[in-house]
Structure formats: structure tokens, C-alpha cells
Amino acid sequence: MTALLSIRDLTIDYAGHVQAVRGANLDVHLGEAVGLVGESGSGKSTLASAITGLLPIGARILGGDIAFKNESVTSGRKQAQQILRGDEIAMVFQDPMTAFNPVLTIGDQLVDFQSRMPGKAREKYARAVAMLARVGIPDPALRANSYPHEMSGGMRQRAAIAAALLVNPSLLIADEPTTALDVTMEAQIIHLFRELRQDYGGGILIVTHHLGVVAELCDRVYVMYRGEVVEEGAVDDIFHEPRHPYTRALLACDPARLHERAGYLPVITDAERATFMQARPR
Ligand SMILES: Nc1ncnc2c1ncn2[C@@H]1O[C@H](COP(=O)(O)OP(=O)(O)O)[C@@H](O)[C@H]1O
Ligand SMILES: [Mg+2]
């Protein structure tokens, strides 16, 4: 398989204090969906933003390398942004409202997203409407005339996914794409991603704190804990035979797996946490 994205020994800190990412390794191949999972604050978004060259202010890459299609993008931040500008990588965020300008219609914005692509505005508008249909938005021609606030959260997230796909990216990164949605909408968006995978040949990186999303969508998964990738493997293997104690604890706390238990929500205790960083997979 062609390595689309290859991250080696990546270390990132914020203004010299928090080491948000520590020595992380991660690969995404063409055609596969990869999950990056871990609790809030484990460094997932920091790592994802480094791939796009859009690190938050104060964040610095201290070491390691990110290669996209065998070319390093870490030697200068500009380079990563050029790749993003070249529409090779597209990103979908947690809050679909932030993806859109509130004062323009969805259709006009989907045309703007194609600004670097060839074609007349009318053709781009038609592509936009077709993509809205593709992501399951009913009455897409009518919906293209709507403003972001006139759509539900789930519909806006569909539109944000349409925006990302319109540029034909080789790598689609989605950071907590279902976290802002209720469970019904979350299930619908997961279903949409599954469907899209059938004719999208690029790589997908799904960043989430929700193991259920990874189980439904991904081929492989990386588990992050306090900035480190502590476990990596095929989703089936990791879900059935987690090796790292943090992964086991995460699985035990996943609400989707609690149906057979009594009505309490387990949490990871401090005593358990004390064992995680020493632990190394067998
Ligand atoms: N803009 C920022 N400035 C300073 N620290 C940050 C910033 N963003 C995140 N952090 C810190 O970096 C760590 C990782 O955060 P983040 O990458 O957002 O994790 P996740 O996406 O897994 O929730 C946390 O300790 C968080 O507090
Ligand atoms: Mg995050």
C-alpha cells in the first residue's frame, strides 16, 4: 500500500510547557480509514492540526517529521499550508458552524471552496448541488439556497463533509466529526462516512474520543494517551484484545459497551492512570 501520510517521532509543545504530542508515529495509506482515539486532552487535535500546518498559536514542532506522499512537510510551516491550499488535504471539524460563513448561502460557499478548480461558476454550483445530494441532504437544490443557521447541526455537518469532498482531497481528516451531534445524528454521519468510503479512494483519518465511531468506521486505530501513541493496530484486534491498560480502560468506559452492565458509568481511576505510562504493550 502507498503511504499517503507518514508521521515519525513527532513532538509538539505549547509555549515550552505542555508537551501535547510526544514521539508520535502514525501512518495513513491510500484507501484506508484510520482512527486516532483517546480521551480529551490526549493530544489528538494538536497532532491533526500539525498535519495541515495549522497549529494553534504557541504550538511548536520540537522534533520528528511529517511526510505527505513521501515529501516532508515539517521543514517549514508554509510547505504544509501549500499542500492544504493545493487541496490535497481537507479537514472536517467538530463544530460545522465554524466551517461556514453565516452571511452566505451554503451553495455560494460550496462554489467558493472550489475556487482553485477549473470550470465556470454555474458548473461549480451544479457540482455543489450534486455533492449535497451525495451526502444525503434532501432537496439539495433548495438547500443550496439556505444559510448555515437555517440547517440542523446534522445537515450542517453533512454540508461540511460535502465542502471537504468537493476538492477531491487525497487525505480527509475529520476531528470529532460527530461529537457535537446527538446520537441519532451521530449514527447518520457514521453511516454517511461508511457509504462515502465505497467510492472515495483516498485516506481518511478520523479523530475522536469515541471508540464506537472507530469501531464502525476504521480499519486501523492509534490510541493516544497524554501525548503518546500507546497502542496501534487493526481495529478488530484492538477491540477484542487490547494490550495497553489504557486501551482496556477506555474500552471499559465506552458507553456503547455498557448495555449489559448495571446502570453506572465507570471512570478511569487515578490508581489505574498511575500504571498507564509505565505500561508497554506485550
Ligand atoms: N492552544 C493551546 N494552547 C496551550 N495548550 C493547548 C492548546 N491547545 C491544546 N493545548 C493542550 O495540549 C494538550 C492536548 O490538547 P488537544 O490536542 O486539544 O487534545 P485532544 O484533541 O485529544 O482533546 C492538552 O493538555 C491541552 O490543554
Ligand atoms: Mg480535540
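Whatever order the structure lists them in is the order used to number ligands and atoms, beginning at 1. This structure is a prediction, so every number in the text was calculated from the model and none was measured. Just the heavy atoms: all of them, side chains too, but no hydrogens, waters or symmetry mates, feed the values below.
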Per-atom contact, atom 21 (O) of ligand 1, protein heavy atoms, under 4.0 angstrom: yes

Taking atom 16 (P) of ligand 1 as the reference point, the nearest protein heavy atom with its distance: Thr46 OG1, 3.6 Å

Atom indices of ligand 1 within 4.0 angstrom of Ser45 heavy atoms, with elements: 17 (O), 18 (O), 20 (P), 21 (O)

Contacting atoms of ligand 1, where contact means under 4.0 angstrom from a heavy atom of Glu39: 22 (O)

Ser45 near the Mg ion (ligand 2): N/O/S under 2.8 Å: yes

Salt bridge Asp199-Arg134, side-chain N to carboxylate O under 4.0 Å: yes

Distance-only N or O hit between ligand 1 and Gly43, under 3.5 Å: yes

Close N or O approach (Val18, ligand 1; < 3.5 Å): no

Hydrophobic cluster membership, Val135 vs Ile189, 4.5 Å side-chain cutoff: yes

Closest approach of any protein heavy atom to atom 23 (O) of ligand 1, naming residue and atom: Gly41 N, 2.6 Å

Arg60 and Asp13 ion-paired at < 4.0 Å: yes

NZ/NE/NH1/NH2 to OD/OE distance under 4.0 Å, Arg220 and Asp236: no

Non-hydrogen protein atom less than 4.0 angstrom from atom 26 (C) of ligand 1: no

Numbered atoms and elements of ligand 1 in range of Pro56, under 4.0 angstrom, heavy atoms: 1 (N)

Where ligand 1 meets Ser42 - atom numbers and elements under 4.0 angstrom, heavy-atom basis: 19 (O), 20 (P), 22 (O)

